[in-house]
Amino acid sequence: MADKTTAKVPLAAYERELLRLQTELVKLQEWVRTEGARVVVVFEGRDAAGKGGTIKRVAEHLNPRVARTVALPKPTERERTQWYFQRYVEHLPAAGEIVLFDRSWYNRAGVEHVMGFCTKEEYQLFLRQCPIFERMLVEEGVLLRKYWFSVSDAEQQKRFRRRLKDPTKRWKLSPMDLESITRWEAYSRAKDEMLVHTDITEAPWFVVESDDKRRARLNMIAHLLASVPYHDVPPPVLDLPPRPPSTGYVRPPRDLQRFVPDHAAGI
């Protein structure tokens, strides 16, 4: 029998608890909006560690005008000449906003460092500046939460194989992802070095064990909720107004409009 801490969470229990947590996330959102709070959640980890799926569950029922996901492409030539943190700063939240970073400024400590996309000097400068940058965010009042999704090499390979066979997920795989398999230890060393320099009191790292995606999602969301001192904000009282009586308006004939074919009828 599997150990209780590692056994896969049953689907029914997962869906029930996920809905409860997502309901609390909506309450958190309304508190953020009402109080003018600013929340930044950083999602980092290896390829196929489950970051994207967790972000989808976090944002699923939230207002995209309040909670938005930031997943930046590789920097442009102009951005390469800027201060490294500059292009991330413009995506930070204003009052009443939540920003979910699907990978973040920590690209420099991971893929850029391992793959040689930055110089040794740029990497060392990042390790020195990052704690300063994050302390500035916290001192400014930003609620910064950082999560590292940890997946085993065996589970990562299983997920890569599934993506190769699934036409809806093939886009998630790139040559860079596949090369990460051959650089497993290099990424491990980079992650350990990153934690040494950036696991600071003001903005600590929290590791999410993610071999079981369901467990990882529930654990991460529950921790995020527990880490923010939000409270339930009573919604405004709304009543549906009575529909006014007809004034004689007649809609144009249906044959003057173009309708989408009923594809569902042939299923």
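The figures that follow rest on heavy atoms only: side chains count, while hydrogens, waters and symmetry mates do not.
Closest of all the heavy-atom pairs between K172 and D177 is O-OD2, 2.8 Å. Closest heavy-atom contact between L62 and A67: CD1-CB, 3.7 Å. Smallest separation of non-hydrogen atoms from T198 and E134: O-OE1, 4.2 Å. Minimum heavy-atom separation, V26 to H61: CG2-O, 3.8 Å. Closest approach of F133 to V89, counting heavy atoms only: CE1-CG2, 3.9 Å. Considering all non-hydrogen atoms of both residues, Q156 and S180 come closest at NE2-OG, 4.2 Å.
No continuous path of ILVMFWY side-chain contacts below 4.5 Å connects V58 to V66, so the two sit in separate hydrophobic clusters. Each of W148 and V151 belongs to its own hydrophobic cluster when Ile, Leu, Val, Met, Phe, Trp and Tyr are linked at side-chain heavy-atom distances under 4.5 angstrom. Under the 4.5 Å side-chain heavy-atom criterion for ILVMFWY residues, no single connected hydrophobic cluster contains both L143 and V99. V228 and V32 fall within the same hydrophobic cluster, where Ile, Leu, Val, Met, Phe, Trp and Tyr residues are linked whenever their side-chain heavy atoms come under 4.5 Å apart, directly or through other members. Linking Ile, Leu, Val, Met, Phe, Trp and Tyr whenever their side-chain heavy atoms come within less than 4.5 Å puts L224 and Y14 in one cluster.
Every residue meeting the ring-ring contact (aromatic ring centres under 6.0 Å, His included) condition with H223, not counting sequence neighbours, appears here in chain and number order: Y147, F206. Remark: E193 engages no residue in a side chain to side chain donor-acceptor pair (under 3.5 Å) (not counting sequence neighbours).
Aromatic rings of W83 and Y88 (six-membered ring for Trp) have centroids beyond the 6.0 Å cut-off, not under it. For Y84 and F126, the ring centers are positioned less than 6.0 Å apart.
P235 is not listed as a side-chain neighbour of E30, based on a closest heavy-atom distance of 4.5 Å or more. P93 is listed as a side-chain neighbour of V40, based on a closest heavy-atom distance under 4.5 Å. With contacts defined as side-chain heavy-atom distances shorter than 4.5 Å, the pair E24/Y230 qualifies.
Note on residues 225-245: no pairs pass salt bridge (Lys or Arg N to Asp or Glu O under 4.0 Å), not counting sequence neighbours. Screening residues 49-74 for salt bridge (Lys or Arg N to Asp or Glu O under 4.0 Å) gives R68-E97 as the qualifying pairs, with residues at least two apart or on separate chains. The stretch residues 114-124 participates, sequence neighbours left out, in no salt bridge (Lys or Arg N to Asp or Glu O under 4.0 Å) pair at all.
Residue-environment remark: NE2 (H263) stays at or below the threshold of 12 foreign heavy atoms within 6.0 Å. Counting non-hydrogen atoms of other residues, nucleotides and ligands closer than 6.0 Å to CE of M115 gives a total above 12. Counting non-hydrogen atoms of other residues, nucleotides and ligands closer than 6.0 Å to CD of E185 gives a total of 12 or fewer.
Cation-pi geometry between R46 and Y187 is not satisfied (NZ or CZ under 6.0 Å from the ring centre, within 45° of the ring normal).
At least one donor-acceptor pair under 3.5 Å links the side chain of S210 to the backbone N or O of A49. In this structure, the side chain of D102 does not engage the main chain of V70 through any donor-acceptor pair within 3.5 Å. Side chain of Q86 to backbone of E79: no donor-acceptor contact under 3.5 angstrom is found. With R170 contributing its side chain and L164 its backbone, the two residues share a donor-acceptor pair below 3.5 Å. Looking only at distances, no side-chain donor or acceptor of K146 sits under 3.5 Å from a matching main-chain atom of V41. At distances below 3.5 Å, at least one donor-acceptor pair connects side-chain atoms of N219 with backbone N or O atoms of R215. Between the side chain of T34 and the main chain of W31, no donor-acceptor pair closer than 3.5 Å is present.
One finds a salt bridge joining E140 and R38 here, because a Lys/Arg side-chain nitrogen approaches an Asp/Glu carboxylate oxygen to under 4.0 Å. Ion pair R103/D47 flagged as a salt bridge, since at least one NZ, NE, NH1 or NH2 atom sits closer than 4.0 Å to an Asp/Glu carboxylate oxygen. Between R20 and E17, at least one side-chain nitrogen of the basic residue sits less than 4.0 Å from a carboxylate oxygen of the acidic one, meeting the salt-bridge criterion.
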Next item on the list: Check the pair L11 / R214 against side-chain contact (heavy atoms from CB on, under 4.5 Å), numbers first and verdict last.
Entry: CA-CA 8 Å; L11 180 59; R214 296 173 188 170; 3.7 Å; yes

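V196 forms part of no hydrophobic cluster, judged by ILVMFWY side-chain heavy-atom separations under 4.5 Å.
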